[in-house]
Amino acid sequence: PARGGGWGTPPRRSASGGIHAWHWGVGLAAGRWCREAPRAGLGDPLGASALARRLVAAAGPIRWAGIKGLRFGPAGAVETPWGAGKWGTLQADPNILFLDFMGQQHLVNETRWPELLSIRCGDLEKVVIKVEGG
């Protein structure tokens with residue numbers, strides 16, 4: 001039987017993820033660049049990243065999609081309202097950060113301080129992070 005538009009043509013949902021988006025997006029081709037971005041590693045000095053220095057020094061609360069409780073530690077540890085995780089810089093650009101927690105990978109970039117944009121690698125969902133009093 002023809003599915004999606006003819007023999008060998010994936011259905012629309014499958015083309016945008018669907019069945020291929022298994023195990024937190026591991027199979028989602030659209031997020032591969034995000035998941036596989038080379039990282040500088042944990043414990044590397046964050047001094048090369050102005051964004052990293054600002055986040056560690058932030059005195060006010062940091063909100064993830066309006067929810068308080070995000071805190072960036074200087075040694076690559078991060079606290080979120082959903083549990084602990086890790087963070088650091090990317091090799092290609094020290095002002096783009098990776099942030100991993102709850103089995104999900106994210107890339108974080110400054111849009112216009114004090115707002116940042118997070119992209120979840122599994123499904124490319126975008127979330128605004130706001131630094132208050134930053």
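Residues I119 and H106 fail the side-chain proximity criterion, which asks for heavy atoms closer than 4.5 Å.
In this structure, Q91 and R39 approach most closely via the heavy-atom pair NE2-O, 3.0 Å. Looking at every heavy atom in both residues, L51 comes nearest to N95 through N-OD1, 3.2 Å. Between P81 and K68, the closest heavy-atom pair is CG-O, 3.2 Å.
Within the 3.5 Å criterion, the main-chain N or O of A84 finds no donor-acceptor partner in the side chain of T80. S49 contributes a side-chain N or O that, together with a main-chain N or O of P94, makes up a donor-acceptor pair within less than 3.5 Å.
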Show the numbers, then the answer: is there a side-chain contact (heavy atoms from CB on, under 4.5 Å) between L99 and V78? CA-CA 8 Å; L99 174 59; V78 66; 3.5 Å; yes
Between L55 and V131, is the side-chain contact (heavy atoms from CB on, under 4.5 Å) condition met? List the steps. CA-CA 8 Å; L55 288 172; V131 182; 3.8 Å; yes
Step-by-step side-chain contact (heavy atoms from CB on, under 4.5 Å) determination, E132 to R63: CA-CA 8 Å; E132 296 180 0; R63 295 179 182 265; 2.4 Å; yes
Run the numbers on R54 and E110 for side-chain contact (heavy atoms from CB on, under 4.5 Å), then give the verdict. CA-CA 11 Å; R54 287 174 105 174; E110 182 177 348; 3.4 Å; yes
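Criterion: ILVMFWY side-chain heavy atoms under 4.5 Å apart, direct or through other members. Under it, I67 and L70 are part of a common hydrophobic cluster. Residue L97 is grouped with residue V127 when hydrophobic side chains (ILVMFWY) are merged at heavy-atom distances under 4.5 angstrom, including chains of intermediate members. Neither F72 nor V128 shares a network with the other; the hydrophobic side chains, linked directly or stepwise wherever heavy atoms of I, L, V, M, F, W or Y lie under 4.5 Å apart, form separate groups for each.
Atom CD1 in I96 sits 5.0 Å away from atom CG in N109 (nearest 0.5 Å). One finds the CD atom of Q105 at 7.0 Å from the SG atom of C34 (value rounded to the nearest 0.5 Å). Taking CE from M102 and CZ from R120, the interatomic distance works out to 9.5 Å, rounded to the nearest 0.5 Å. Rounded to the nearest 0.5 Å, atoms CG (L107) and CH2 (W33) are 5.5 Å apart. Atom-to-atom distance recorded for I62:CD1 and R71:CZ is 7.5 Å, nearest 0.5 angstrom. Distance check: Q104 CD to C121 SG gives 9.0 Å after rounding to the nearest 0.5 Å.
Aromatic pair F98/W87: centroids not less than 6.0 angstrom apart.
Looking at R35 and D100, no side-chain N of the basic residue comes within less than 4.0 Å of a carboxylate O on the acidic one, giving no salt bridge.
Under the 30°/60° scheme for interplanar angles, the aromatic rings of F101 and W82 are found to lie parallel.
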